[in-house]
Amino acid sequence: MDDAPASSWAQRALAHAVTLTNASPGRGSATQAETQAAEYCRSQLVSLGVEDIRQQSFLGLRSIWLFFALTFGLALVGHASFWLLAGPAGWQISLLVSLVSFAMSAFLLWRKLTFRDYPLRASLPHGPSQNVVAVLPPTGGVRSRVVLVAHLDSHRSVWIFASDLLLKANLVIVPLAIYGVFIAPILYLLSSLSHLAIFSYLAIPLTLVHFLGWFTGATADLGPFSPGANDNASAAGSLLALAERLRQNPPAHTETWLVFTGCEESGCDGMRVFLDEYGKDLKEAVFLDFELVGIGERLGYLQNEGMLRKQSIPADVEKLSLEIGQAFGGLQPLKAASFGAFTENGLLLERGFRSLCLLAFQKDSLLLPEWHRLTDTASRLQVSALGLAHAFAWRLIQKLEGEN
Ligand SMILES: [Zn+2]
């Protein structure tokens, strides 16, 4: 394998990312624009001469926000039952209805945020979506596998992401809303059993947070999608550039999978479908999930994630990644378990796969550049950031080769 400078490949990644962003603007989950993006990636792979290209079609959730409207709506029923039902129905009935509502809300959150099927799923709008999967064989026998992942869809540009200040505030509010679904019923139960009103008063701020969550969820889809240049056309472009390089310089013993997924933003339906079909063959593979790799001066990775069940990067994958990252000034770790976000890496870790989520950061901030914003446009992408991500992935493949 060659070790050419990454810059020319980064230019190729940039060109793909710009095309994806501008030709399929606002690639919402399970939309026509998302399908166009999938078709673009598939046609590029065909033109590179990749022979083993597979398509997975599925029905994916169109909006994570309607899911949150459902769960926080149930939480609001729980609050309202406690405060309003006690008079007409008695405190036992009001407490029971409240606890049942919170339990349903909590169960839905638990199932969704650990990437499992959940009740009432069919009541939320789904649409046709797809994954494009390509397998690039090595020249010799397969001794290791690497799976490069990029999601094709972009998020709604909801107000909570609109500025750094709002984002920082919501890094507190969103976890409070989610944990509040579990805390509020305990406070109401304590209040009823102890007859101390202070416990129920403590739940009032959670009512406001749950109202905010429900209102945001119910109205989010009235707004436009983010153009999705950094999140995540940068990743899809990176995979296509790597595919081209791998076609020219195939590894001897490392099989490379390229996975372009649909419906990541609404809860990783695409990756679930991928793992259901191919996961059993990839238990030993190293997954590299590209997220927002198009802006910034340094590379980083998610050390952990998972709102309701923390999952950490496997120690051997972290060690390998940090070794590779030394060539790029080190890898910045980000602990994401405590804030309300997920990636396909979280699903991979949840299911026991060896996975790393690669990100790029600006030098003075740990906020993800242009994350879910209307300003996430192609003109902001930086070829230097794409070069770092490309070089990291290339070194990872070389490293796996070297270990054979
Ligand atoms: Zn993303």
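Counting starts at 1 for both ligands and their atoms, following the listed order. Numbers here are sequence positions counted from 1. Just so it is clear, the values below take in all heavy atoms, side chains as well, and ignore hydrogens, waters and symmetry mates.
When atom types are taken as modelled, the side chain of R27 and the backbone of G228 share a donor-acceptor pair closer than 3.5 angstrom. Judged purely by atom type and a 3.5 angstrom limit, E305 uses its side chain to pair as donor or acceptor with the backbone of G346.
Within a 6.0 Å radius of CD in Q32, other residues, nucleotides and ligands contribute 12 heavy atoms or fewer.
Within D231, the N, O or S atom lying nearest to the Zn ion (ligand 1) carries the name OD1. The atom of E291 that is an N, O or S and sits closest to the Zn ion (ligand 1) is OE1. Of all the N, O or S atoms in H151, the one closest to the Zn ion (ligand 1) is NE2.
Defined by atom type and a distance below 3.5 Å, a donor-acceptor pair is missing between the side-chain atoms of H390 and R12.
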